[in-house]
Amino acid sequence: MNYWLIKSEPFKYSWDQFLKDKSTFWDGVRNYTARNNLRAMKKGDLALFYHSNEGLCIVGIAKVIKEHYQDPTTDETAWLAVDFSLYKSLKKPVFLADIKKDELLKNMQLVKQSRLSVCAVTREEFDKVLLLGGM
DNA sequence: GCCAACGTTGGC
DNA sequence: GCCAACGTTGGC
């Protein structure tokens with residue numbers, strides 16, 4: 001079981017929209033590191049859902065329901081999509097500013113490599129985010 | 001295979 | 001709107 005963090009600009013796809021949809025597909029990733037992370041995801045893995053640009057906080061958790069397949073938005077076979085279902089909303093969002101203040105979380109890939117849209121998260125980091133999120 | 005130039009992302 | 005960080009491209 002692995003843990004991940006997926007970023008979305010609320011402008012493009014928000015947590016609110018995800019709450020309505022109950023499931024979604026993650027496509028359009030055009031970065032090899034992010035692609036490799038998508039490819040490593042297994043059914044049942046959990047992913048923190050982060051709002052970038054606006055919000056700047058982790059708002060909920062998504063669950064992998066379908067492992068990688070050809071990204072339908074391109075013919076290039078290098079790119080993948082993954083399906084997620086709604087898992088849980090955090091009781092309260094965990095802000096980037098708080099993550100940066102936390103001894104354990106300040107080394108998250110999210111902070112260190114801010115441009116990466118699909119990040120790996122350790123078990124310890126995942127648990128701590130849930131704790132800060134009131135879970 | 002190196003490296004400069006350029007483009008993109010995302011926090012501030 | 002600016003800028004730092006990083007990825008990609010293309011000339012050599």
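Since this is a predicted model, take the numbers as computed values, not measurements. A, B, ... follow the sequence lines: proteins, then strands. Residue 1 opens every chain. In what follows, every heavy atom counts, from backbone to side chain, and hydrogens, waters and symmetry copies are set aside.
- At a cut-off of 3.5 Å, with distance as the only test, a side-chain donor of A:T73 or A:R30 sits close to an acceptor on the other residue.
- A:K66 forms a cation-pi arrangement with A:Y69, by the criterion of a distance under 6.0 Å to the ring centre and an angle within 45° of the ring axis.
- Salt-bridge formation is not detected for the pair A:K20/A:D16: no Lys NZ or Arg NE/NH1/NH2 atom is positioned less than 4.0 Å from an Asp or Glu carboxylate oxygen.
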Problem - Step-by-step side-chain contact (heavy atoms from CB on, under 4.5 Å) determination, A:K100 to A:L105 - result: CA-CA 7 Å; A:K100 285 182 170 175; A:L105 298 181; over 6 Å; no
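- Residues passing the side-chain hydrogen bond (donor to acceptor under 3.5 Å, both in side chains) test with A:D27: none are found, sequence neighbours excluded.
- Relative orientation of the A:F84 and A:W26 rings is perpendicular, given thresholds of 30° and 60° on the angle between their planes.
- Taking five base pairs at each end of the helix from B:dG1-C:dC12 to B:dC12-C:dG1, the local helix axes there meet at an angle of 10°, rounded to 10°.
- Taking the six-membered ring where tryptophan is involved, the planes of A:W79 and A:Y32 are tilted, since the angle between them lies from 30° to 60°.
- First and last contacts of DNA chain B with chain A, using any nucleotide atom under 4.0 Å from a protein heavy atom and ordered 5' to 3', fall at B:dG7 to B:dC12.
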